[in-house]
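For reference, the structure is listed below as structure tokens.
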Amino acid sequence: MRRQSPFRESTIGRSIFRSTERETTRDRAAGHWASFLLHVYPVKVRRRELGFRYSWYLGVISAVLLISLVVSGVYLMFFYVPSPASAYGDIQSLHTDVAFGQFIRNTHRWAAHLMVIAVAAHAARVFYRGAYKPPREFNWVVGVVLLLLTLLLSFTGYLLPWDQLAYWAVTVGTSMADFVPIFGDVIRETLLGGTQVGSETLLRFYVLHVAVLPLLAFGVLMIHLWRWRKDSMLDIANDEEFVDE
Amino acid sequence: MKHEIGRRQFLARGWKLGALLVGAAGAWTSWDVLRSRAEAGLGGVVRAARVDEVPAESTIYIRAAQTYLTRHEDEVIALWQRCPHLGCRVAWCESSGQFECPCHGSTFNRIGEYRSGPSPTGLQPFGVGVVEDEVEVDTGAVGRGPPPGAETIDEPVRGPTCIEGA
Amino acid sequence: MSEHEPAVHEGRRVLGVVPGTPPVGERKVPEDQDLVMVWPHLLVRHAVVAIATLLAVLVVSLLFDAPLRDLANPFETPNPEKAPWYFAALQELLSHFHPLVAGVLVPTAVIVGMAALPYLDRSLYTSPRFRKVAVWTFTLFLTIWFVLTIIGFAFRGPNWSWVWPWQEWHGEL
């Protein structure tokens, strides 16, 4: 039998991990059961779900990108004040004065773009595989909400550097709200906190970007994963793509 | 069969109604807190220029009010620089004698009436007042742009446009 | 008679021959529907995918710097003015249709349509072979959206006029 780490075998280790053996299937299931991080996963999945062809791993890729965005985003928050007077300068000094500042900002920017692509591609792959079919309809709807949240997160983040690209892209983007019947003006002016993009807008987008939307996204993601976990044992009888007639 | 509401049913409905009221109060409060405040950004009255500075054949730009001033039949008109299509800044083009939007190429005549492009209306006017020969622009009072239609001034495009390809 | 008589080999009688796996353990051919442990089979794959994803982000971030244009200036609109690339399709539509259609109705229809998809398409088949209508509709939508995005992102120049991206580049990320 393989030796477990001494820490896991110790009193404290046992109190944390509960189940320390990892040899038999039963051990692994028990370890799974006792682990907070692993409880996101089901204990068993259908074998077809392991392969690249099943999902192209796009869901995992999206989740990994989301986590990397949270990490790099928190780092960026230490060097950024959301006001028109300082935002642009903060980004500039991030590039020049902060160790790895430019790199972290690059990471945040490119991971955000990649995440939009990954989430959209995930939706497309799920569609083509027919994985939204009963009884999994509702998880598809939750996924659509996550796609929207991803777009909103990316869009609110777009304003924060307060450069020409940001200012006018957000001006144009929010002007579309004007054409919503009846409430158009009110919606746009509430989004902007004024008649045009200004300091109030920057603050609002910042709060949405770093607090409101990420919390919402994580909450909805938990529902998404929980539903996936519950459905992992489903045996789709007429799944013609994977079962020979 | 029973038509009167029983105690359990009354309580069940009461709870739901209470929750609804609390929710509505919360929504109203949040709305009241978060809706835009008029004083943010533009919104004040800007003392713009002397009346005799406002040209009749051209426009002058008032940066503080983001406004173009021009004259039409002895009346001063203030036009907001914001394109009614998607909010880009519309520029006055001296060579063509019209307003031209860089984003999607909408054009407007000198007094802001719609000429071409995807904009749904003409330029939005601000309220204007004249106090002791000084033009005051009230940027808090944005009017509706005139709907597309026949232009009321006869000033055709007088030369090359400032935007290529439009 | 002799055909039906069981053969005798080395003192043992063969009662019959049945198809099956050899008696050296249960060597079952793995099926797609079999249940496998997430730990380690799925976790190992996810770990590899996670590392590959992070590596890709790392390499891209080292090679390309995030753009930072001039300080925001409300008095000057850049020409062309581009929305983020994921809204390029919408922006392209907005240059052709009334904003109420392109800016409100189309996005709303796309969102509602996507959310309602599982309730509209009630067939239980999952293979594309048996869902031709759904697959073709979705593919058509995806293609149109993709083409509009590419056009809006790369093929539009000053005043939203047509440019060839290899002659003038106006895409912004």
Side-chain angles (χ1 to χ4, degrees), chain A residues 25 28 32 41-48 50 57 60-61 64-65 68 88 91 102-103 105-107 109-111 113-114 116 124 127-130 132-134 137 140-141 144 148 151 154-155 158 161-169 172-173 176 179-180 235-236 238-243, chain C residues 30-39 41-43 45-46 49-50 53-54 56-58 60-62 64-74 77-78 81-84 86-87 90-91 94 99-100 103-104 111 114-115 117-119 124-131 135 138 142 172-173:
Chain A
T25 301
R28 287 169 178 167
H32 215 116
Y41 283 93
V43 173
K44 288 181 174 186
V45 290
R46 299 280 164 193
R47 193 172 158 277
R48 58 157 192 253
L50 297 180
Y57 299 126
V60 201
I61 292 174
V64 169
L65 288 171
S68 80
Y88 186 75
I91 303 289
Q102 169 93 62
F103 172 72
R105 177 163 178 254
N106 293 350
T107 312
R109 185 87 169 195
W110 301 135
H113 285 326
L114 287 175
V116 174
F127 171 83
Y128 283 114
R129 205 167 45 70
Y132 58 90
K133 298 283 177 172
E137 308 102 306
W140 168 269
V141 180
V144 172
L148 286 179
L151 289 175
S154 185
F155 186 62
Y158 211 80
W162 203 250
D163 60 348
Q164 280 287 72
L165 205 57
Y167 185 91
W168 289 101
V172 168
M176 288 183 210
F179 298 99
V180 174
D235 188 1
I236 308 295
N238 49 6
D239 194 343
E240 302 285 343
E241 198 182 345
F242 294 98
V243 183
Chain C
E31 298 264 354
D32 275 338
Q33 293 289 333
D34 289 346
L35 286 167
V36 293
M37 293 297 290
V38 163
W39 184 351
H41 300 290
L42 190 62
L43 285 181
R45 286 166 174 83
H46 280 190
V49 170
T53 308
L54 293 176
V57 173
L58 179 95
V60 173
S61 304
L62 287 176
F64 304 102
D65 279 346
L68 186 67
R69 301 275 172 270
D70 294 338
L71 175 67
N73 178 3
T77 306
E81 166 46 38
K82 298 231 177 173
Y86 37 83
F87 291 144
L90 275 184
Q91 209 185 358
L94 274 163
L100 177 63
V104 179
I111 294 165
M114 272 189 81
L117 170 70
Y119 305 99
L124 287 175
Y125 285 111
T126 56
S127 163
R129 265 184 298 161
F130 299 100
R131 322 156 33 214
V135 166
F138 190 78
L142 217 58
E172 297 273 14
L173 281 171

For this session: Would you indicate whether the side-chain heavy atoms of C/Arg45 and A/Val60 approach each other to under 4.5 Å?
Result: no

From the list A/Met176, A/His113, A/His32, the residue making the most non-hydrogen contacts under 4.5 Å with chain C is A/His113

Okay, A/Leu165 and chain C: the region with an atom under 4.5 Å from a heavy atom over there is both

Residue set satisfying ring-ring contact (aromatic ring centres under 6.0 Å, His included) with A/Tyr132, at least two apart, ordered chain then number -> A/Phe127, A/Trp140

Note to self: Looking at C/Gln33 and A/Arg47, would you say the former's side chain and the latter's main chain have a donor-acceptor pair under 3.5 Å?
What the structure shows: no

With chain C, the option among A/Gln102, A/Arg105, A/Arg109, A/Lys133 that has the most non-hydrogen atom pairs under 4.5 Å is A/Lys133

Under 4.5 Å to a heavy atom of chain A? For C/Leu35 that would be both

Do side-chain atoms of A/Trp110 reach the backbone of C/Leu58 as a donor and acceptor pair under 3.5 angstrom? no

Okay, C/Leu94 and chain A: the region with an atom under 4.5 Å from a heavy atom over there is side chain

* **Note, A/Phe155 side chain near C/Tyr86 side chain (heavy atom, < 4.5 Å)** => yes

_Validation row: C/Glu172, A/Gln164 side chains within 4.5 angstrom (heavy atoms)_ = no

So, the part of C/Val60 with a heavy atom under 4.5 Å from chain A: the answer is both

Applying a strict 4.5 Å limit to non-hydrogen atoms, the region of A/Val172 in contact with chain C is side chain

In terms of heavy-atom contacts, C/Val57 and A/Ala111 come closest through CG1-CB, 4.3 Å

In short, C/Ala115 meets A/Val141 closest at the heavy-atom pair O-CG2, 3.4 Å

Distance col, row A/Phe103:CZ vs C/Leu62:CG, nearest 0.5 angstrom, shows 5.0 Å

Honestly, the part of C/Val38 sitting under 4.5 Å from a heavy atom of chain A is both

The interface call for C/Thr77 against chain A, heavy-atom contacts under 4.5 Å, is both

TODO: Just do the ring pair (Phe, Tyr, Trp, His ring centres under 6.0 Å) check on C/Phe138 and A/Tyr128 with the steps written out, would you?
DONE: CA-CA 9 Å; C/Phe138 190 78; A/Tyr128 283 114; 5.7 Å; yes

Applying a strict 4.5 Å limit to non-hydrogen atoms, the region of C/Phe64 in contact with chain A is both

